[in-house]
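Quick notes on the structure that follows.
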There are 2 protein chains.
Amino acid sequence: MDNKIKPIKKRRLSEEVLKKLQSMIIDGTYKTGDQLPSERELSELFQVSRASIREALRVLGTLGFLDSRVGVGGGTFVKKISIDALINPFSEILGNEKELIIEMLEFRRILETEIARLAALRRTEEDIARMERSIDLMREDIENGGIGIEGDTAFHDALAAACKNSVFEKMLLMAKGLLVKTRQTTLKLKGRPEKGLEDHIKIFNAVKKGNSKLSLKLMMEHIEKAQADATVKNF
Amino acid sequence: MDNKIKPIKKRRLSEEVLKKLQSMIIDGTYKTGDQLPSERELSELFQVSRASIREALRVLGTLGFLDSRVGVGGGTFVKKISIDALINPFSEILGNEKELIIEMLEFRRILETEIARLAALRRTEEDIARMERSIDLMREDIENGGIGIEGDTAFHDALAAACKNSVFEKMLLMAKGLLVKTRQTTLKLKGRPEKGLEDHIKIFNAVKKGNSKLSLKLMMEHIEKAQADATVKNF
DNA sequence: GACCTTTCAAAGGTCTTACCTTTATATTAT
DNA sequence: ATAATATAAAGGTAAGACCTTTGAAAGGTC
């Protein structure tokens with residue numbers, strides 16, 4: 001046969017445009033803050049319909065690379081790239097893929113322990129105050145018969161803020177979103193809330209003292225305990 | 001003043017559609033493999049133009065949640081959700097945001113050390129063979145005057161595969177993409193290639209023996225060495 | 001009856017055109 | 001000088017017409 005295998009991928013026009021614009025942003029043709037040509041001009045330049053242009057712009061926009069404003073002085077602009085742009089804005093959509101949940105838990109463990117370690121090294125007075133508030137919040141809720149989930153979350157968020165690394169912070173945010181169901185399940189188990197609170201207090205003291213090794217160790221144990229039950233049974 | 005603050009966010013119609021479809025996928029209205037109504041039907045259902053529908057579908061498609069085929073038996077289908085869908089498909093776009101690079105390096109350090117630890121616990125014969133090949137590759141390139149970047153990358157990839165956690169694997173992939181320039185810079189420094197190779201061999205032996213603690217420790221040192229120069233000077 | 005060819009229609013892909021909405025600025029009137 | 005008004009550019013939306021792809025049904029041939 002003369003025919004070779006056909007890897008002929010027909011791309012949509014909007015994808016071509018997408019790729020092109022992407023590479024133009026990467027190579028610096030359009031830099032942060034720059035204005036792109038208007039949709040009508042792009043349509044003219046790429047020789048495709050405005051609809052195709054818009055489909056590409058919409059994707060780039062949703063992904064956090066572009067920003068559009070109507071009116072005079074409006075147009076499409078290249079946004080400052082942030083970590084948010086790395087994480088899929090629809091992460092929550094993950095749902096119940098079991099293997100992934102196990103893997104995500106593993107990921108979260110290492111993420112949180114490192115956050116605790118860094119937090120011990122970098123926390124400010126403000127961070128410490130925020131952690132204290134979260135602990136109080138959790139205590140109060142538990143005393144009133146709640147499971148303290150709000151304070152629990154607040155504590156981990158406060159730690160993440162204290163570690164002064166936006167990548168870790170965002171990663172944790174993503175992981176949390178994905179594992180929200182898992183966490184709720186875990187916390188509902190009898191006795192967990194009180195023990196969780198104890199753990200938080202210990203971690204807090206270690207972080208406050210700036211003892212990074214201890215912070216890491218305690219967080220590791222905290223997560224491992226919390227996950228021990230969850231991993232196999234609850235899904 | 002009677003006027004309250006205006007949180008009036010006018011959303012684009014395509015965004016409304018996007019949100020709605022997203023929530024329908026999350027809540028299980030449309031499950032993996034299901035076919036969505038045709039664009040024309042959706043247009044009718046949502047009472048918006050087909051263009052708006054398409055803009056929403058294009059975003060969901062690019063994000064990896066949907067898949068479209070033309071022709072008879074074609075249509076728009078819900079894809080199986082994978083980890084890939086969590087990472088922005090355009091991560092490479094990051095570029096030279098300095099603060100982010102520092103933070104990403106910190107992230108990569110913890111990622112790679114944990115990968116090394118897990119790899120020591122889970123590596124198969126196949127993984128070991130793959131690591132060996134990468135080491136040979138690096139050695140040969142260095143002997144021929146190269147910087148061994150290909151083998152270097154291959155080694156880290158092999159480790160990632162050996163850790164048997166797709167989340168770590170994908171995260172590393174993302175981090176690598178973002179830091180590609182950084183890595184090249186680092187490797188070009190005099191003397192680095194040989195030292196890097198030595199490190200790899202040591203790590204390899206630890207992983208092969210299944211010594212997870214040592215693997216972690218060696219990788220930690222390896223990364224720290226490699227990053228020590230890079231962090232401040234080279235950007 | 002088995003097999004090939006043709007026809008067909010649904011669904012995505014694309015283009016065109018027209019109109020709406022927003023909004024800073026220039027113009028005009030008071 | 002101030003306030004009301006017109007303007008035009010740019011994004012947002014709609015409607016409709018084609019094009020292309022592609023599996024399956026219909027029909028014909030051996």
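Every chain is numbered from 1, with letters handed out A, B, ... down the list of sequences.
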One character per nucleotide, please: for nucleotides 3-14 of chain C, 5' to 3', B when the base has a protein heavy atom closer than 4.0 Å, S when only the sugar-phosphate does, - otherwise. ------B-BBBB

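dC30(D) is paired with dG1(C) under the Watson-Crick or G-U wobble criterion, all donor-acceptor distances under 3.5 Å.
Evaluation of the salt bridge (charged side-chain N to carboxylate O under 4.0 Å, His left out) test over residues 45-58 of chain A, restricted to residues two or more places apart or in two chains, returns Glu39(A)-Arg50(A), Glu39(A)-Arg54(A), Arg54(A)-Glu55(B), Glu55(A)-Arg54(B), Glu55(A)-Arg58(B), Arg58(A)-Glu55(B). Evaluation of the ring pair (Phe, Tyr, Trp, His ring centres under 6.0 Å) test over residues 104-130 of chain B, restricted to residues two or more places apart or in two chains, returns Phe168(A)-Phe107(B).
Taking Thr124(A) as the reference, Glu126(A), Asp127(A), Lys164(A) meet the side-chain contact (heavy atoms from CB on, under 4.5 Å) condition, with sequence neighbours excluded. Scored by the salt bridge (charged side-chain N to carboxylate O under 4.0 Å, His left out) test, Glu15(B) finds Arg12(B) as partners (sequence neighbours excluded). Under the rule for a salt bridge (charged side-chain N to carboxylate O under 4.0 Å, His left out), Glu132(A) has no partner lying at least two apart in sequence or in another chain. With sequence neighbours excluded, the residues satisfying salt bridge (charged side-chain N to carboxylate O under 4.0 Å, His left out) with Arg122(B) are Glu106(A).
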Side chains of residues 66-78 of chain A: which donor-acceptor partners sit under 3.5 Å, not counting sequence neighbours?
residue  : atom : partner  : partner atom : Å
Ser68(A) : OG   : Thr76(A) : OG1          : 3.4

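Note: CG (Asp67(A)) to P (dG12(D)) measures 10 Å, nearest angstrom. As rounded to whole Å, 17 Å separates atom P of dA9(D) from atom CG of Leu42(A). Across the protein-nucleic acid pair, Leu66(A) atom CG and dG11(D) atom C1' stand 13 Å apart, rounded to whole Å.
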Between the protein and nucleotides 2-4 of chain D, list the N/O to N/O atom pairs that are separated by less than 3.5 angstrom.
none

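With Asn144(A) contributing its side chain and Glu140(A) its backbone, the two residues share a donor-acceptor pair below 3.5 Å.
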